[in-house]
Participant: 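Here's a structure for you.
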Amino acid sequence: MSSPDTKQSLPRRFYARATADVARGLLGCGYAVFRDGQWIGGLIVETEAYLSHRDAASHSARGRTPSNAAMFGPPGSLYVYPIHAKHCSNLVTEPEGIGAAVLIRAIEPVWGCDRMQRLRRTDDLRRLTRGPAMLCQAMTLDRRDDGVDVVSDPSWRVWSDDRIQGIIESRVITTRRIGIRRSADRKLRFIVDGNRFVSGKAGDHRRPPRESLLELAADR
DNA sequence: CACGCGATTGCCT
DNA sequence: GGCAATCGCGTGC
């Protein structure tokens with residue numbers, strides 16, 4: 001698969017839509033950052049939608065504070081927040097000021113795997129980016145990236161690949177969101193079912209988690 | 001300024 | 001599958 005710098009980032013209007021639609025649309029998309037002379041990242045295989053004040057599980061539910069301000073920023077910008085001494089990354093959705101975003105929960109590692117293996121201190125590809133905080137550690141994302149605009153920043157690429165979209169089309173399923181207490185019954189988590197890099201327990205999958213988007217793309 | 005907790009992870013049984 | 005580690009932030013005294 002060719003380097004992220006040959007790709008064209010998704011336009012801002014892609015993000016300025018209903019958050020659940022963006023969360024679904026981001027599955028299969030490339031997510032990569034240029035760090036120290038090298039692209040690092042992969043293909044998105046798991047997302048969660050966090051809505052505005054209507055969603056009790058969302059960080060924006062109780063309004064804007066200094067720490068969640070980036071969530072109210074322009075669509076297509078990053079909201080990176082600290083939790084349990086780690087970080088998680090989101091892409092802001094809806095018109096600016098709404099306070100909604102898509103949590104990137106897992107990617108299939110593709111670019112800069114050697115670098116991610118060092119950062120995560122493991123050779124096991126399956127333990128590189130299988131969770132929102134794992135992928136932030138693998139991609140060196142932290143509070144310094146909070147508010148960065150991935151639509152225009154030259155060190156970022158988030159893009160759609162027609163071939164990958166065709167592969168995931170029949171595999172997307174929706175489940176409850178992971179690790180939350182409030183609004184826990186809403187089905188706002190989107191996964192590429194059967195992909196081995198999706199987080200959570202085996203019961204979350206309908207198909208056994210053995211597949212890889214790279215392998216499926218190579219077989220065509 | 002103390003206290004409690006979380007959109008997590010990894011180690012232990 | 002259970003549970004402790006870890007720390008920034010929000011809440012309340």
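This structure is a prediction, so every number in the text was calculated from the model and none was measured. The chains referred to below are lettered A, B, ... by the order of the sequence lines, with proteins before strands, and numbering in each begins at 1. Hydrogens, waters and symmetry mates are skipped; everything else that's a heavy atom, side chains included, is used.
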Participant: Using a cut-off of under 3.5 Å, enumerate the N/O to N/O pairs linking the protein to nucleotides 1-3 of chain B.
Facilitator:
none

Participant: Using the heavy-atom set of chain A and a strict 4.0 Å cut-off, write down the first and last nucleotide of DNA chain C that makes it in, 5' to 3'.
Facilitator: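 On DNA chain C, the outermost contacted nucleotides are dT6(C) to dT11(C).
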Participant: Over how many whole Å does the gap from Ile83(A) atom CD1 to dC5(B) atom P extend?
Facilitator: 14 Å
Participant: For Glu94(A), give me all partners under side chain to side chain contact (heavy atoms under 4.5 Å, CB included), at least two apart in sequence or on another chain.
Facilitator: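 Listed in chain order: Thr19(A), Ile98(A), Ala100(A).
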Participant: Below 3.5 Å between N/O atoms, which protein atoms pair up with nucleotides 10-13 of chain B? Just atom names and distances, please.
Facilitator:
| unit_1 | atom_1 | unit_2 | atom_2 | d |
| --- | --- | --- | --- | --- |
| dG10(B) | OP1 | Arg120(A) | NH1 | 2.9 |
| dG10(B) | OP1 | Arg120(A) | NH2 | 2.9 |
| dG10(B) | OP2 | Arg120(A) | NH2 | 3.4 |

Participant: Under 5.5 Å between ring centres and under 30° between planes: does that hold for Tyr81(A) against the base of dA7(B)?
Facilitator: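 One would not call Tyr81(A) stacked on the dA7(B) base.
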Participant: Distance check: side-chain N/O of His84(A) vs OP1/OP2 of dC5(B), anything under 4.0 Å?
Facilitator: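 False: His84(A) side-chain N/O out of range (4.0 Å or more) of dC5(B) OP1/OP2.
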Participant: How are the rings of His59(A) and Tyr79(A) set relative to one another: parallel (under 30°), tilted (30 to 60°) or perpendicular (over 60°)?
Facilitator: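 Aromatic pair His59(A)/Tyr79(A) classed perpendicular.
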Participant: Please give, in whole Å, the distance from dG6(B) P to Ile178(A) CD1?
Facilitator: 16 Å
Participant: Please, what dot-bracket string fits DNA chain B when only Watson-Crick and G-U pairs with both distances under 3.5 Å count, crossing ones use [ ] and pairs to another strand use |?
Facilitator: ||||||.|||||.
Participant: CZ/Arg120(A) to CG/Leu135(A) distance, rounded to the nearest 0.5 angstrom?
Facilitator: 9.5 Å
Participant: Would you state whether a donor and an acceptor, one from the side chain of Lys86(A) and one from the base of dT8(B), lie under 3.5 Å apart?
Facilitator: yes
Participant: Using a cut-off of 4.0 Å on non-hydrogen atoms, how would the nucleic acid contact of Ala57(A) be classed: base, sugar-phosphate, or nothing?
Facilitator: base
Participant: Toward the 5' end of DNA chain B, which comes first, Ala85(A) or Arg130(A), by nearest nucleotide?
Facilitator: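 This one resolves to Ala85(A).
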Participant: In residues 90-110 of chain A, which residues come under 4.0 Å of DNA chain B by heavy atom?
Facilitator: Asn90(A), Leu103(A), Arg105(A)
